Amino acid sequence: MDFQPLLEVPKQSTGEPLWFIFQGSQLLVTQSEGPVKLPDDAVLAQLATGIVRRHVIGQLKGSICHGLEVDSHALPPAGYTFSGLRSLFGRADEVLLALAGRALQIIDWDRTHLYCGRCGTPTELRTHERARFCPACQLVVYPRIAPVVMGLIMRGDELLLARSPHFAPGVYSAIAGYCEPGESLEMALMREIREEVGLEVRDIQYFKSQSWPFPHSLMVAFTCQYHSGLISPQPGEIEDARWFSSEALPLLPHPVSIARQLIEATLLLMKSRHHALH
Ligand SMILES: [Zn+2]
C-alpha cells in the first residue's frame, strides 16, 4: 500500500481527499448494493455542523485521508448510510477498509483519552507526534495497540480448529487470545493453547500479522505442531474443539480475516508436503 502516515495536510497535496466519517464506530458510505464508496466534498459539507473530531490520517498516492467523527444526532445524507466495518467486508475495497480501520482506531483513541488517566486534567493533542499530552503532569498517551496471538496447530494432516460461543453458527477457527503483560508472543501463544484446549505445542513459526480495529488489536498469526495432551475445551471460552482433516473442514472465518488466510496457507503447505512424500 502506497501510504504515508501524516499528522497534518502537507502544502502540496494533489489528489482528491478521502473522507472517513464515523458516527460511533460506523463509517459513512454509499447505500448501494454493489461496491461501496466514500462520501465526496459536497456530502461532507452537509454534515459540517455535526463534526466533533477531525484527524489527518495520512496520504494515499497523493490523496489526503481524513478521519472525522460526527455527533450521534447527525443523519446520513440521502444515498448514504453509517455501516459497521465488519459489514463492509467483501463490499469495500481492501485498501479502503484498511484505512478506515486505521482512521477508526485514531478517532477512538482520541475520544477515549480526553482526560489524563493519572491526574484527571484535560489532555491536549500533540502536533509533532500522534499523542495526547497532560499539561499538568506531563503524561503522554499514544494510541493503544493490543497484540493478539493466533495459533493453528498441525498434527500430521490434521488441523485443530475451535469454536467460541460468539462465532457465527458452524464456524471454527484457530486458537487466539490477548498477550498479557510480561509475555513474549510465543509464551502468550503456548498459554492460550494450554488454557483454551489443554494442549502443548512446539515448533512455533511466524506466519503474518494484521491490524484488526475491533477495537485496536494487532493479530499475530503462527503455525505450530502438536506436542502432547488431549483436547479439553475451556468452559465459557471454547464451545467445541476438534482435529479436522483437510478433506472434511467445517465453515471457516471470512476470507478477509488473517485466521482464514492462516488456515488456507497451512492447507496448501500440508498438501505440498503430502505430494512430496508420495
Ligand atoms: Zn496528568
Side-chain angles (χ1 to χ4, degrees), residues 1 3-11 13 17-28 44 47-60 64-74 82-86 97-150 166 176-189 191-192 195 209-220 237 258:
M1 198 195 301
F3 180 82
Q4 181 199 357
L6 293 172
L7 296 173
E8 54 185 55
V9 178
K11 292 210 173 63
S13 60
L18 295 172
W19 304 108
F20 295 92
I21 305 174
F22 288 91
Q23 186 173 58
S25 56
Q26 299 203 309
L27 179 68
L28 187 69
L44 174 69
L47 289 164
T49 55
I51 294 170
V52 293
R53 181 163 281 108
R54 76 168 57 218
H55 287 268
V56 173
I57 308 302
Q59 181 166 238
L60 178 73
I64 303 299
C65 305
H66 300 262
L68 291 89
E69 183 181 11
V70 293
D71 65 34
S72 58
H73 306 294
F82 288 105
S83 291
L85 295 187
R86 282 173 202 266
L97 265 181
L99 291 174
R102 190 187 276 256
L104 175 58
Q105 289 184 73
I106 290 170
I107 288 170
D108 190 57
W109 157 75
D110 187 54
R111 69 183 161 209
T112 52
H113 293 85
L114 298 176
Y115 298 91
C116 177
R118 184 157 61 197
C119 77
T121 303
T123 55
E124 296 168 3
L125 206 55
R126 282 201 154 173
T127 51
H128 66 284
E129 61 178 349
R130 184 90 64 198
R132 294 193 70 94
F133 173 75
C134 174
C137 78
Q138 275 78 54
L139 183 74
V140 180
V141 187
Y142 297 97
R144 182 152 62 118
I145 298 166
V148 174
V149 288
M150 172 178 288
H166 29 255
Y178 283 102
C179 196
E180 291 186 357
E183 283 182 330
S184 67
L185 297 172
E186 292 84 351
M187 286 161 73
L189 185 66
R191 176 186 50 74
E192 282 293 337
E195 285 174 4
S209 63
Q210 181 185 48
S211 172
W212 194 245
F214 307 107
H216 44 239
S217 297
L218 174 66
M219 310 296 292
V220 190
E237 290 287 322
I258 196 169

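Predicted, not measured: the structure shown is a model, and the values here were computed from it. Read the numbers this way: they start at 1 and go in the same order the structure lists the ligands and their atoms.
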Output yes when a side-chain donor or acceptor of [X] lies under 3.5 Å from a complementary backbone atom of [Y], and no otherwise.
{"X": "E183", "Y": "E180", "result": "yes"}
{"X": "Q23", "Y": "A74", "result": "yes"}
{"X": "R111", "Y": "G24", "result": "yes"}

Going by chain and residue number, what protein N/O/S atoms come nearer than 2.8 Å to the Zn ion (ligand 1)? C116 SG, C119 SG, C134 SG, C137 SG
Which residues pass the side-chain contact (heavy atoms from CB on, under 4.5 Å) test with S184, not counting sequence neighbours? E186, M187
Among pairs that include at least one residue of residues 124-136, which meet side chain to side chain donor-acceptor pair (under 3.5 Å), considering only residues two or more places apart or in two chains? D110-R132, T123-R132, R126-E129, E129-Y142
What pairs with W212 under ring pair (Phe, Tyr, Trp, His ring centres under 6.0 Å), at least two apart in sequence or on another chain? F89, F214
